[in-house]
Protein chains: 2
Amino acid sequence: MQISSRFTMAIHMFACIDTFKEQKMTSDFMAASIGTNPVIIRKLLQQLKAAGLIEVARGTGGVRITRPLENITFLDVYRAVECTPDNELFHFHENPNEKCPVGRNIHHVLDDKLNKVQKTMENELEAITLGDVKKDLQEWVSK
Amino acid sequence: MQISSRFTMAIHMFACIDTFKEQKMTSDFMAASIGTNPVIIRKLLQQLKAAGLIEVARGTGGVRITRPLENITFLDVYRAVECTPDNELFHFHENPNEKCPVGRNIHHVLDDKLNKVQKTMENELEAITLGDVKKDLQEWVSK
DNA sequence: AAAGATGTAACTGAAACGGTTACAATAAAA
DNA sequence: TTTTATTGTAACCGTTTCAGTTACATCTTT
């Protein structure tokens, strides 16, 4: 399975908020830029708000990013919008046979290895920030 | 989203085939060890066969692993059983607005970064082999 | 021919995804 | 105070994937 497009949409939202910081940023505007429905954006806004990454002005509209972009990592965004049960990247089959020597031990054997892969991926996500996106976006826009 | 349990089931299958190599390994046996349905196993067998990792004896039954376990990586198994469109880990939203400076460039900006994360994860999967699983499983079983 | 296995089609229920409509709640402006 | 613009959220929808299940054709050996 793929990581849902909520992740790239959320990053796109941050890019909009920052790029057009002179204007009030609404869900309609972002929906138009991303190419989706405003309600999708508002649901994402709620997830990002719950994660403490933004503040949303009800009624009047407008979004404020709560931290400098360099202090918001891809992992922060990923965790905010991606719903993986127990934060587990791998879904382990749930009923291995305890009477079989393989079934009884496969979990012990695999858990460490799978956690290591997940941890490596999360470290990589953590090494990229929205500040990097801002910087690269400015370069592309000015081309 | 999570990586499907087909991945851990497939590794479990290899562990069965190797651990019980004295006997003929059938889909019924593996289904019992994994705790699922034989047809699930047979579908996985087809995917692993298509990837060239095993040979399945039709009619008579039995599975042969085509390479030494140390030469089969988690990435081989992952690619064999996980169906991600275009091998892309991240699902990019598909209709960014070309008229918006952000929408027009977001793909350029993110592609490299997302590919890097994916590549890192794949490298980590590639560093673990079924030989490692065999070794650790033997330790656990003999406890 | 019988037995035992794989290969595969067809179906199911559940969950997640992305989207859509509708509307209540809110805040500011007129 | 009314209007306007916006967010918040519930209730759907169609699609896809997942894991499972039944049924049965096919194959190989006995």
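Below, chains carry the letters A, B, ... as their sequence lines are ordered, and counting in each starts from 1.
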Return the 5'-most residue of the pair B:Ala57, A:Ile40 with respect to DNA chain C, ranking by each residue's nearest nucleotide. B:Ala57

Roughly, in whole Å, what's the span from CG in A:Leu45 to P in D:dG8? 7 Å

Sequence neighbours left out, what pairs pass side chain to side chain donor-acceptor pair (under 3.5 Å) with at least one residue falling in residues 94-104 of chain A? A:His91-A:Glu94

Could you tell me the separation between the CD1 atom of B:Ile3 and the P atom of C:dA16, rounded to a whole number of Å? 17 Å

Under 3.5 Å: donor-acceptor pair, side chain of B:Gln2, backbone of A:Leu89: no

What do the steps show when you test A:Thr66 against A:Arg64 for side chain to side chain contact (heavy atoms under 4.5 Å, CB included), and what is the final call? CA-CA 6 Å; A:Thr66 58; A:Arg64 194 179 76 82; 4.2 Å; yes

Contacts of A:Glu88 meeting salt bridge (Lys or Arg N to Asp or Glu O under 4.0 Å) (sequence neighbours excluded), chain-then-number -> none

Quick check on contacts: within residues 9-39 of chain B, what sits under 4.0 Å from DNA chain D by heavy-atom distance? B:Thr36, B:Asn37, B:Val39

Determine whether a donor-acceptor pair (N or O, by modelled atom type, separation under 3.5 Å) exists between the side chain of B:Gln118 and the backbone of B:Lys113. no

Nearest-Å distance for atom pair CG/C1', residues B:Asn95 and C:dG19: 12 Å

Nearest whole angstrom, please: distance from the P of D:dG8 to the CD of A:Glu55. 12 Å

What is the separation between atom CZ on B:Arg42 and atom P on D:dA19, rounded to the nearest whole Å? 18 Å

Those residues that, when tested against B:Asp76, pass salt bridge (Lys or Arg N to Asp or Glu O under 4.0 Å) (two or more places apart): B:Arg67

Distance, rounded to the nearest Å, where A:Leu48 contributes CG and D:dT7 contributes C1': 15 Å

Using atom types as modelled and distance alone, determine if a side-chain donor or acceptor of B:Thr8 lies under 3.5 Å from a backbone N or O of A:His93. yes

Output all residues satisfying side-chain contact (heavy atoms from CB on, under 4.5 Å) with A:Ala51, sequence neighbours left out; order by chain, then residue number. A:Leu53, A:Ala80

Can you list every pair that meets side chain to side chain donor-acceptor pair (under 3.5 Å) and has a residue in residues 31-41 of chain A, with sequence neighbours left out? A:His12-A:Ser33

Any idea which of C:dG19, C:dC17, D:dG8 is nearest the A:Glu82 side chain? C:dC17

Regarding B:His93, tell me which of base, sugar-phosphate or nothing describes its non-hydrogen contacts under 4.0 Å with the strands shown. nothing

Identify each atom pair where a protein N or O and an N or O of nucleotides 24-29 of chain C are less than 3.5 Å apart, giving names and distance.
none

For B:Lys116, all residues meeting side chain to side chain donor-acceptor pair (under 3.5 Å), sequence neighbours excluded: A:Glu124

In chain order, what residues pass the side-chain contact (heavy atoms from CB on, under 4.5 Å) check against B:Val63, with sequence neighbours excluded? B:Ile17, B:Met30, B:Leu45, B:Ile54

Side chain to side chain contact (heavy atoms under 4.5 Å, CB included) between A:Met1 and B:Ser4: does it pass, once the steps are laid out? CA-CA 7 Å; A:Met1 267 306 269; B:Ser4 83; 5.8 Å; no

Please state how far atom CD in B:Gln2 lies from atom P in C:dA16, giving the value in whole angstrom units. 9 Å

Exercise: identify the closest heavy-atom pair between B:Thr129 and B:Phe74: O-CE1, 4.0 Å

Side-chain N or O of A:Ser4 versus OP1/OP2 of C:dA16: is the shortest distance under 4.0 Å? no

So, is A:Gln46 near the phosphate of D:dT7, with a side-chain N or O under 4.0 Å from OP1 or OP2? no

Please list, pair by pair, any protein nitrogen or oxygen found under 3.5 Å from a nitrogen or oxygen in nucleotides 12-17 of chain D.
none

Whole-Å distance separating the CZ atom of A:Phe90 from the P atom of D:dC18: 15 Å

Determine which pairs satisfy side chain to side chain donor-acceptor pair (under 3.5 Å) with at least one residue from residues 17-26 of chain A, sequence neighbours left out, and list them in order. A:Asp18-A:Lys134

Take the C1' atoms of the five end pairs on each side of the helix from C:dA1-D:dT30 to C:dA30-D:dT1, get both axes, and report the angle to 10 degrees. 10°

